[in-house]
Amino acid sequence: MPVRGAARTDVGKVRLTNEDAFGFFPDTDFYVVADGMGGHAGGEVASAVAVEAMHASLQQTRDEDLTAAFDQYGRSSVAGRRLLIAVGEANNQIFAKSQQDPGLAGMGTTIAAVLFEGRKRQVCICHVGDSRVFRIRADGIEQLTEDHTLVQQLVRDGKITPQQAQTYPHRHVLLQALGTNPVVEPTLRIEESRPDDVFVLCSDGIHGAVTEEEMLNIVLQAHHDPRRICDALVELANQRGGSDNCTAIVLWWEQNDAE
């Protein structure tokens, strides 16, 4: 796959532990950011399990016939079905661990993941919770995920405006996360990629501190250098107080017409 990328995670300036995790797996064209929660070791365990379980699932289903999964996972691409299966497996493992160990009760994690399907020039985007995926194309930026949060539901229902949502007192309340319930409903989106698309996956430690305009400017000024972009995003979040763990994956699609 013609994808160049980099990843960085940081504990921030306030918290003692880093409950974020990320997966950077060119071998399966798979990338994921996970933001754990649950106190004590719970958040760290949940995010780590999510990353490992999803990667293992995607390796297992790489050559499987997923025709039987058609009805359950709808009319998505094969890659989309594989990604949904991986999310379900991660949810099962996290929930099972939380039930088996009282010290991990209630743990969970958000995830934002992408799986590239190169021959079709597609990217499958899947998320649960409020970790996000952005796409920078030409001189514009677009958020490709919609948070599974109370405040986003209020915006969607027209009860508050997007501007009010930015300072809403309960804006961090999640409606769902991996591992907190036996069933999860991830959102899947499939997009056609274009040459020079840049994808940014990040936890809320990044997008809660860095505006979309700032993110766009960082990407444009870094001239498609994923490492520089990751470093700039984390450093800016920490300059703003670093109140949360922050994690970013930056992917540059180097696709060309000869493929």
*Asks:* Closest heavy-atom contact between Gly80 and Cys124?
*Replies:* N-SG, 3.6 Å
*Asks:* What is the minimum heavy-atom distance between Ala177 and Val184, and which atoms define it?
*Replies:* O-CG2, 4.2 Å
*Asks:* Taking all non-hydrogen atoms of both residues into account, name the closest pair between Val14 and Gly241 and its distance.
*Replies:*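 Reported closest heavy-atom pair: CG2-O, 3.9 Å.
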*Asks:* Does any non-hydrogen side-chain atom of Ser77 lie less than 4.5 Å from one of Gln122?
*Replies:*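 Sidechains of Ser77 and Gln122: in contact.
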*Asks:* Quick check: Phe199 with Trp252 (ring centres under 6.0 Å apart)?
*Replies:* no
*Asks:* For His207, enumerate each residue passing the ring-ring contact (aromatic ring centres under 6.0 Å, His included) test, keeping only those at least two apart in sequence or located in another chain.
*Replies:*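 Applying ring-ring contact (aromatic ring centres under 6.0 Å, His included) to His207 gives none.
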*Asks:* Quick one: list whatever passes side chain to side chain contact (heavy atoms under 4.5 Å, CB included) with Ala165, sequence neighbours left out.
*Replies:*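 Val151, Val155, Ile160.
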*Asks:* Test of understanding: with salt bridge (charged side-chain N to carboxylate O under 4.0 Å, His left out), list the residues that count as partners of Arg82, not counting sequence neighbours.
*Replies:* none
*Asks:* Applying salt bridge (charged side-chain N to carboxylate O under 4.0 Å, His left out), which residue pairs with at least one partner in residues 203-219 are found, sequence neighbours left out?
*Replies:* Glu214-Arg240
*Asks:* Any idea which heavy atoms bring Arg137 and Glu192 closest together, and the distance?
*Replies:* NH2-O, 3.1 Å
*Asks:* Who pairs with Ala232 by side chain to side chain contact (heavy atoms under 4.5 Å, CB included), at least two apart in sequence or on another chain?
*Replies:*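 Here the qualifying residues are Ile218.
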*Asks:* Can you confirm whether Phe134 sits close enough to Glu142 that some side-chain heavy atom of one is under 4.5 Å from a side-chain heavy atom of the other?
*Replies:*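 No. Closest side-chain heavy atoms not under 4.5 Å.
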*Asks:* Any salt bridge linking Glu146 with Arg156? Criterion: basic side-chain nitrogen under 4.0 Å from a carboxylate oxygen.
*Replies:*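 Salt bridge present between Glu146 and Arg156.
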*Asks:* Give me the other members of the hydrophobic cluster that Leu16 sits in, counting Ile, Leu, Val, Met, Phe, Trp and Tyr linked by side-chain heavy atoms under 4.5 Å, directly or via other members.
*Replies:*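 Once heavy-atom contacts under 4.5 Å are chained together, Leu16 still belongs with nothing else.
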*Asks:* Any idea which heavy atoms bring Val51 and Ala34 closest together, and the distance?
*Replies:*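 That closest heavy-atom pairing would be CG2-CB, 4.3 Å.
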*Asks:* Once salt bridge (charged side-chain N to carboxylate O under 4.0 Å, His left out) is applied, do any residues pair with Arg62, and if so which ones, sequence neighbours excluded?
*Replies:* none
*Asks:* For Asp20, check side chain to side chain contact (heavy atoms under 4.5 Å, CB included) against everything at least two apart and list the hits.
*Replies:*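 Partners of Asp20 under the side chain to side chain contact (heavy atoms under 4.5 Å, CB included) test: Thr9, Asn18, Asp35, Ser203, Asn245, Thr247.
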*Asks:* Going by the salt bridge (charged side-chain N to carboxylate O under 4.0 Å, His left out) test, which pairs reach into residues 97-106, not counting sequence neighbours?
*Replies:* none
*Asks:* So, do His148 and Thr187 sit near enough that their side-chain heavy atoms are less than 4.5 Å apart?
*Replies:*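 SC-SC contact between His148 and Thr187 confirmed.
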*Asks:* If you look at every heavy atom in Gly108 and Ala46, which pair is closest and at what distance?
*Replies:* O-CB, 3.3 Å
*Asks:* Mind checking what makes salt bridge (charged side-chain N to carboxylate O under 4.0 Å, His left out) contact with Asp231, not counting sequence neighbours?
*Replies:*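 Counting only residues at least two positions away or on another chain, Asp231 forms a salt bridge (charged side-chain N to carboxylate O under 4.0 Å, His left out) with Arg8, Arg227.
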*Asks:* With sequence neighbours excluded, what pairs up with Asp157 under the side chain to side chain contact (heavy atoms under 4.5 Å, CB included) test?
*Replies:*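 Residues passing side chain to side chain contact (heavy atoms under 4.5 Å, CB included) with Asp157: Gln153, Lys159.
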*Asks:* Is the number of heavy atoms from other residues, nucleotides or ligands under 6.0 Å of Asp27 CG greater than 12?
*Replies:* yes
*Asks:* Apply the side chain to side chain contact (heavy atoms under 4.5 Å, CB included) test between Val123 and each candidate in Val114, Leu115, Val3; give the one that qualifies.
*Replies:* Val114
*Asks:* Quick one: list whatever passes salt bridge (charged side-chain N to carboxylate O under 4.0 Å, His left out) with Glu191, sequence neighbours left out.
*Replies:*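 Partners of Glu191 under the salt bridge (charged side-chain N to carboxylate O under 4.0 Å, His left out) test: Arg135, Arg189.
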*Asks:* Can you check whether Tyr31 reaches Phe116 side chain to side chain, under 4.5 Å on heavy atoms?
*Replies:* yes
